[in-house]
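In what follows, a structure is listed as structure tokens, so that the remarks can point back to it.
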Amino acid sequence: MSISINKNKSNPKKHYRPEIDGLRAFAVFSVIVNHFNKEILPNGYLGVDIFFVISGFVITSSLYQRPSKNFKDFIKGFYERRLKRLVPALSVFVFITSIAICLFNLDPSTSLKTGLTSLFGLSNLYLLRQSTDYFAQSTEFNIFTHTWSLGVEEQFYVLFPLLIWFSGFGRQTKNGARNLFLVIGVLAIASLIGFLYIYPINQAAAYFLMPTRFWEIAVGCLIFIRFQKRNSNKQYLEKVPTLFLLVLIIWIMYLPIYWATFSTVAVVFLSAVIITSFKKETIAYKIFTNPTIVYFGLISYSLYLWHWGVL
């Protein structure tokens with residue numbers, strides 16, 4: 001099915017928001033600090049949940065008004081961009097780290113299998129199959145444990161482009177955004193219910209599986225669709241002090257582990273509000289768009305990949 005192409009709307013760079021990369025920097029450093037010393041930031045691992053929200057927002061933004069001739073062209077372009085962004089850095093990391101771990105670990109089989117499955121976006125399923133407890137001390141000896149989050153995202157990307165195209169959003173139909181919002185919204189609610197139900201009885205499944213993490217990425221998608229145009233709700237959220245929301249997230253990162261379910265849900269929704277509440281000329285905006293902070297956000301993927309192995 002062909003569509004008309006508006007060349008003035010084809011440049012995704014016009015949607016770039018440097019403050020989002022600033023938030024990425026905060027997320028990755030939260031994870032690194034937690035992995036370095038859990039006593040400094042006990043729940044810093046929640047930075048991954050912030051990453052999920054950002055991913056949903058950014059991937060939807062990148063597809064907004066992006067012209068595609070047909071479904072084949074859309075899918076081809078989508079996966080080319082995803083593969084170019086994720087695979088080269090991951091492949092180099094897995095290759096070099098696999099060699100290194102063999103020099104220091106007498107039995108590296110579990111790590112090596114995790115690394116291999118990560119190249120296919122399946123390390124989260126492998127870790128679940130191994131009955132891995134992410135919070136157990138023994139997990140620290142698997143040098144590729146942290147790639148579980150990449151598996152969640154890559155599995156999400158199997159479903160997401162289909163929803164984008166067949167909702168009409170990818171074809172820029174009149175009701176495409178509304179259709180996508182409704183579909184993603186229903187799936188997000190089902191995913192959240194599944195997460196809340198499964199977490200108390202099977203923590204590993206709730207933690208590692210894409211269906212129980214779908215709602216986090218979906219929240220980012222929904223806020224982009226809802227607030228792509230300035231409206232009264234967005235104006236109201238812009239009045240919320242962004243720094244106050246950030247302080248709340250940091251406070252949540254110090255809550256006891258038995259609050260984990262609440263902490264996860266709270267951080268996801270606070271992250272969504274932060275993305276929406278950023279307003280130019282505010283202190284928070286100036287901090288998050290500081291060139292140094294933005295730079296760390298731009299390299300956050302590499303930082304996330306390598307920090308665990310280095311530690």
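Taking the ring centre of F208 as origin, the terminal cationic atom of R213 falls outside the region bounded by 6.0 Å and 45° from the ring axis.
A donor-acceptor pair shorter than 3.5 Å can be found between the side chains of Y157 and E153. Under 3.5 Å, the side chains of T114 and S123 contain no donor-acceptor pair of N or O atoms. Judged by distance alone, the side chains of Q130 and N142 never bring a donor and an acceptor atom under 3.5 Å apart.
Ring planes of H146 and W308: tilted class, angle from 30 to 60°. Using a 30° and 60° split on the angle between ring planes, Y207 and Y45 fall in the tilted class, from 30° to 60°. By the 30° and 60° cut-offs, the orientation of the rings of F296 relative to F29 is perpendicular.
Its side chain within the 4.5 Å cluster rule, L103 clusters with F104 among the Ile, Leu, Val, Met, Phe, Trp and Tyr residues.
Between L305 and L150 there is a side-chain heavy-atom pair separated by less than 4.5 Å.
Exactly one residue among F93, Y301, F144 makes a ring pair (Phe, Tyr, Trp, His ring centres under 6.0 Å) with W306. That residue is F93.
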Identify all side-chain donor-acceptor contacts of residues 178-198 below 3.5 Å with residues at least two apart in sequence or on another chain.
| residue | atom | partner | partner atom | Å |
| --- | --- | --- | --- | --- |
| N179 | ND2 | S167 | O | 3.0 |
| N179 | ND2 | N175 | O | 3.2 |
| S191 | OG | P211 | O | 2.5 |
| S191 | OG | F214 | N | 3.4 |
| S191 | OG | W215 | N | 3.0 |

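Counting heavy atoms of neighbouring residues, nucleotides and ligands inside a 6.0 Å radius, atom CD1 of I283 does not exceed 12 of them.
The side-chain hydrogen bond (donor to acceptor under 3.5 Å, both in side chains) pairs that include a residue from residues 250-270 number zero, where partners must be two or more places apart or lie in different chains.
Qualifying ring pair (Phe, Tyr, Trp, His ring centres under 6.0 Å) partners for F26, counting only residues two or more places apart in sequence or in other chains: none. For E80, the side chain to side chain donor-acceptor pair (under 3.5 Å) test picks out K76, with sequence neighbours left out. In this structure, the salt bridge (charged side-chain N to carboxylate O under 4.0 Å, His left out) partners of R24, at least two apart in sequence or on a different chain, are D21.
Atom-to-atom distance recorded for T110:OG1 and L127:CG is 9.5 Å, nearest 0.5 angstrom.
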